[in-house]
**Student:** 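One structure, pasted below without further comment.
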Amino acid sequence: MSKEELTLVYGGWDFSATLLNAIVKGITSIYDIGRRMGSALVRYKTGNVCR
């Protein structure tokens with residue numbers, strides 16, 4: 001392909017490091033929220049709650 005033809009190519013997926021990092025951080029945040037909620041439920045159920 002010539003340079004002119006290459007400039008006309010459009011589309012496709014582009015996974016950058018920034019996008020991948022954002023996805024991983026989102027999954028990690030959801031996991032941390034679930035872990036904290038589970039821990040809070042266990043503490044509430046056992047009666048070990050700070051008042």
Side-chain angles (χ1 to χ4, degrees):
M1 294 180 87
S2 68
K3 286 186 178 184
E4 292 80 19
E5 290 173 329
L6 287 174
T7 59
L8 298 175
V9 174
Y10 179 75
W13 283 79
D14 185 22
F15 282 106
S16 64
T18 305
L19 177 64
L20 190 58
N21 191 23
I23 292 170
V24 170
K25 283 188 182 265
I27 293 170
T28 303
S29 296
I30 292 169
Y31 176 76
D32 286 341
I33 290 169
R35 187 176 59 187
R36 290 178 186 188
M37 287 183 69
S39 177
L41 286 173
V42 168
R43 284 191 355 226
Y44 180 74
K45 187 175 179 182
T46 60
N48 189 12
V49 181
C50 298
R51 297 179 198 269

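It should be emphasised that the depicted structure is a prediction, and the values quoted were computed from it without experimental measurement.
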**Student:** Tell me, please, which residues at least two apart from Glu4 pass side chain to side chain donor-acceptor pair (under 3.5 Å).
**Tutor:**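 With sequence neighbours excluded, Glu4 shows a side chain to side chain donor-acceptor pair (under 3.5 Å) to Ser2, given in chain and number order.
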**Student:** Salt bridge (Lys or Arg N to Asp or Glu O under 4.0 Å): which pairs involve residues 39-49, sequence neighbours left out?
**Tutor:**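 Applying salt bridge (Lys or Arg N to Asp or Glu O under 4.0 Å) to every pair that reaches into residues 39-49, excluding sequence neighbours, yields nothing.
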**Student:** Which residues end up grouped with Val42 if you chain together Ile, Leu, Val, Met, Phe, Trp and Tyr wherever their side-chain heavy atoms are less than 4.5 Å apart?
**Tutor:**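 Answer for Val42: none, a lone residue.
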**Student:** What side-chain donor-acceptor pairs closer than 3.5 Å can you find for residues 24-39, not counting sequence neighbours?
**Tutor:**
from: Thr28; atom 1: OG1; to: Val24; atom 2: O; distance (Å): 2.8
from: Ser29; atom 1: OG; to: Lys25; atom 2: O; distance (Å): 2.9
from: Asp32; atom 1: OD1; to: Arg35; atom 2: NH2; distance (Å): 3.2

**Student:** When Ile, Leu, Val, Met, Phe, Trp and Tyr are grouped by side-chain heavy atoms lying under 4.5 Å apart, directly or through other members, which residues fall in the same group as Val9?
**Tutor:**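 Noted: Val9 shares its cluster with Met1, Leu6.
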